[in-house]
There are 2 protein chains.
Amino acid sequence: MAELELDERKVKILNAIIKNYLETGEPVGSRTISKYTDLNLSSATIRNEMSDLEEMGYIVQPHTSSGRIPSDKGYRFYVDNLIQAKNQEVSEMKEWMIEKTEKMENLLKQVAKVLANNTQYATMISAPSVMKNRIKFIQLSVVDETQILSVVVMEGNIVKNKIITVDAPLDNETMLKLNMLVNTNLNGLTVNEINLGLITRLKEQAGAHGEIIAQVLDTVADTIQEGADLEVYTSGTTNIFKYPELSDSKRASELLTTFEEKQSLVEFLSDNDGNDTGIQVYIGDESPLSTMKDCSVVTATYELGDGVKGTIGIVGPKRMDYENVMDNIRSLKGQLDKILHND
Amino acid sequence: MAELELDERKVKILNAIIKNYLETGEPVGSRTISKYTDLNLSSATIRNEMSDLEEMGYIVQPHTSSGRIPSDKGYRFYVDNLIQAKNQEVSEMKEWMIEKTEKMENLLKQVAKVLANNTQYATMISAPSVMKNRIKFIQLSVVDETQILSVVVMEGNIVKNKIITVDAPLDNETMLKLNMLVNTNLNGLTVNEINLGLITRLKEQAGAHGEIIAQVLDTVADTIQEGADLEVYTSGTTNIFKYPELSDSKRASELLTTFEEKQSLVEFLSDNDGNDTGIQVYIGDESPLSTMKDCSVVTATYELGDGVKGTIGIVGPKRMDYENVMDNIRSLKGQLDKILHND
DNA sequence: AATTAGCACTCCATTCGAGTGAGTGCTAAC
DNA sequence: GTTAGCACTCACTCGAATGGAGTGCTAATT
């Protein structure tokens, strides 16, 4: 306990333990390390070092007298080192098979799927927060006597629509006026900026049709927000069965339930602090979701522009292939940023 | 083997066996039945009868000298009897908490969720086949120089939209003409009826803007079909973990994968023959999906009108509570038909 | 002729203990 | 500081023993 830092040899041994455990999923013993590493040390020496590492909290024994596995702190050390190392080297980007698609929804589903296939973990992706996104264009049209269709196009060509039911039929002239009114006043605004004051002002301007306007505006605001909280897409959730430590009935059930009821995922994904690289790793208990306490989660945010952000996430066992996952997610984030900005 | 039919006593015993097994999930023995039923018979007599029932194929022994469980044929007998009995009595409908919602998608998701909650099984629901659905209204509008928004409203207020990219900007007059053209010619048609001939004819009528028209029309047709094959919503898939016989790792994984990759569900749901009542029960191997060979599936079709159909389905263990499930699904089908027709 | 009591038998599930092997911690020697 | 050696721990596997639920058959009963 004299030193707080790990000396070079301990680092090597710790890395060897972790790497081996990532591959096998089995506790790793001193003999294995003694042969695995290039530093020529006997198993006894390794045992001493491992004893130290355990005391420092980097590794733990599942049971007395079995090999060691990394603790959350051990993984954290490993991942932090990885990030440092990776930041220096230029990671060559894989090209992704993402077709540029008109619909945000399809794009996101596709991204989740590709990522799940590539990594063999479960993935999730949240749509860019609609609240901060700007309105590009609004179209109101008459469907029949009592129904009006409202279509709102936002930045990034996200389209929202809704059928509005009105009491009395609207003539062409009124519709024209309505369209003019909403487009001149609302285009360029975000949902947050459409407040009651603005609505009242427009209502006055509309004169005779004030009530209708109010109703339509209300519904437009509603339309945009509707279901906004639930737009998370998942893919590869059944990949968790590939990892024995997650696939016992109880754990699998809990995890999959979390994925099915997207609500908590949404909160998780909108939670990100966003450090410098935009990539964040949650190991075990670091995750805000208790059902994921036996998992690691890697997230990254992508931008649609102007602070409008969404988040991608990968969920796997703690012994996930962090290197591959981070490469993948970094590359994908780049692609996504590019696609969305060129739009 | 003298008679082919089951006498009344055998029917009673078979029913008792099945009912008991539905509750417990354990093989049921002769002593249990001897006490369970009102016909006062000793276990020995029951054993003789059970021996007969086994020979006839209605029940099986998991192992020599353990209780009996129903065979698929046994379940089938039970279910068929149930249907007959139920058809006579007027089943009082539960009222469902389905809010009438503007969007078909939300409606379906909600239905799946309610049904899953009520039955505690996994549910799935397919959207009404868009191919046979009629176009109610089309709106084309200019978003910016190169982008046109096309919105198609179909019967049942299903809204489809897509951004169309064009080479040259279109002026107001052309847009007006385009809108007139598509609305007068396409409204009331189904996707199937928009064929190449029609498109060519419209193209001629459009004269100078023929190329644009063609492109727009193509895209409109595309829009409607887009993703049409994938519109299946599932809910409560993790309920399968409530039933031990389905929740071992391998089976659960296969089943959930089937639910995740909706493709095969779509095929299943569009497969229905639709008998008189519209409700169909698949027991074990009767199901077209091999991953569901240990399950039972109950489906019902609902109508949006004019032959435009969708299907609801419930997936659970073979020992599902058929009575409750069929009640639920029948009631829900009714509700759904009502909601969709009043629209 | 149908039903029942009695009994031997089967087979699953559980428990128990011995044996095995990977791995550790400690001590003493290098 | 490093290593060899050794006793010890503990999960895991395997087979035998046990118990219990349930059957099938036969003989007795109604």
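Excluded from the calculations below are hydrogen atoms, water molecules and symmetry mates; all remaining heavy atoms, backbone and side chain alike, are included. To find a chain, count down the sequence lines: A is the first, B the second, and so on, and within it residues start at 1.
With hydrogens and angles left out, the side-chain atoms of Asn324(B) and Asn328(B) include a donor and acceptor closer than 3.5 Å. A side-chain donor from one of Thr291(A) and Thr258(A) sits under 3.5 Å from a side-chain acceptor of the other. With 3.5 Å as the limit, one finds a donor-acceptor pair spanning the side chains of Tyr322(A) and Ser296(A). Inspection of the Gln61(A) and Ser66(A) side chains reveals no N or O donor paired with an N or O acceptor under 3.5 Å.
Using modelled atom types, one side-chain atom of Ser71(B) and one backbone atom of Gly57(B) make a donor-acceptor pair closer than 3.5 Å.
For the pair Asn40(B) and Ser65(B), nearest-nucleotide mapping onto DNA chain C gives the more 5' position to Asn40(B).
Side-chain proximity of Ala44(A) to the nucleotides dT24(C), dT3(D), dT4(C) is greatest for dT3(D). Considering only the side chain of Met50(B), dT23(D) comes nearest among dG24(D), dT23(D), dT9(D).
We find that CD1 of Ile69(B) is positioned 14 Å from P of dC12(C), with the value rounded to whole Å. Between the C1' atom of dG22(D) and the CZ atom of Arg68(B) lies a distance of 9 Å, rounded to the nearest Å. Atom C1' of nucleotide dC10(D) and atom CD of Gln61(A) are separated by 11 Å, given to the nearest angstrom. Rounded to an integer number of Å, the gap from Glu54(B) CD to dG22(D) P is 15 Å. In this structure, Leu41(B) atom CG and dA2(C) atom C1' are separated by 10 Å, rounded to whole Å. Summarising the geometry, the separation between CZ on Arg47(A) and C1' on dT9(D) is reported as 14 Å, rounded to the nearest angstrom. Put simply, CG on Asn48(B) is 9 Å from P on dG24(D), counting in whole angstrom units. Asp7(A) has its CG atom 13 Å from the C1' atom of dG1(D), to the nearest Å.
In this model, the phosphate group of dC12(C) is approached by a side-chain N or O of His63(B) to a distance below 4.0 Å at OP1 or OP2. In this structure, Ser66(B) does not reach the dT10(C) phosphate: none of its side-chain N or O atoms is under 4.0 Å from OP1 or OP2.
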Could you go through nucleotides 27-30 of chain D and list every protein N or O atom that sits under 3.5 Å from one of its N or O atoms, giving the distance for each pair?
none

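Counting distance only, with no hydrogens placed and no angle test, the side-chain atoms of Arg31(B) and the base atoms of dG20(D) include no donor-acceptor pair under 3.5 Å. The base of dT3(C) does not come close enough to the side chain of Thr45(B) for any donor and acceptor atom to sit less than 3.5 Å apart. Between the side chain of Ser42(B) and the base of dT4(C) there is no donor-acceptor pair of N/O atoms closer than 3.5 Å.
In terms of the salt bridge (charged side-chain N to carboxylate O under 4.0 Å, His left out) criterion, Lys12(A) has no residue partners (sequence neighbours excluded).
With respect to Arg68(B), the salt bridge (charged side-chain N to carboxylate O under 4.0 Å, His left out) criterion is satisfied by exactly one of Glu26(B), Glu54(B), Glu55(B): Glu54(B).
At the heavy-atom level, Ser30(A) lies under 4.0 Å from the strands shown only through sugar-phosphate atoms.
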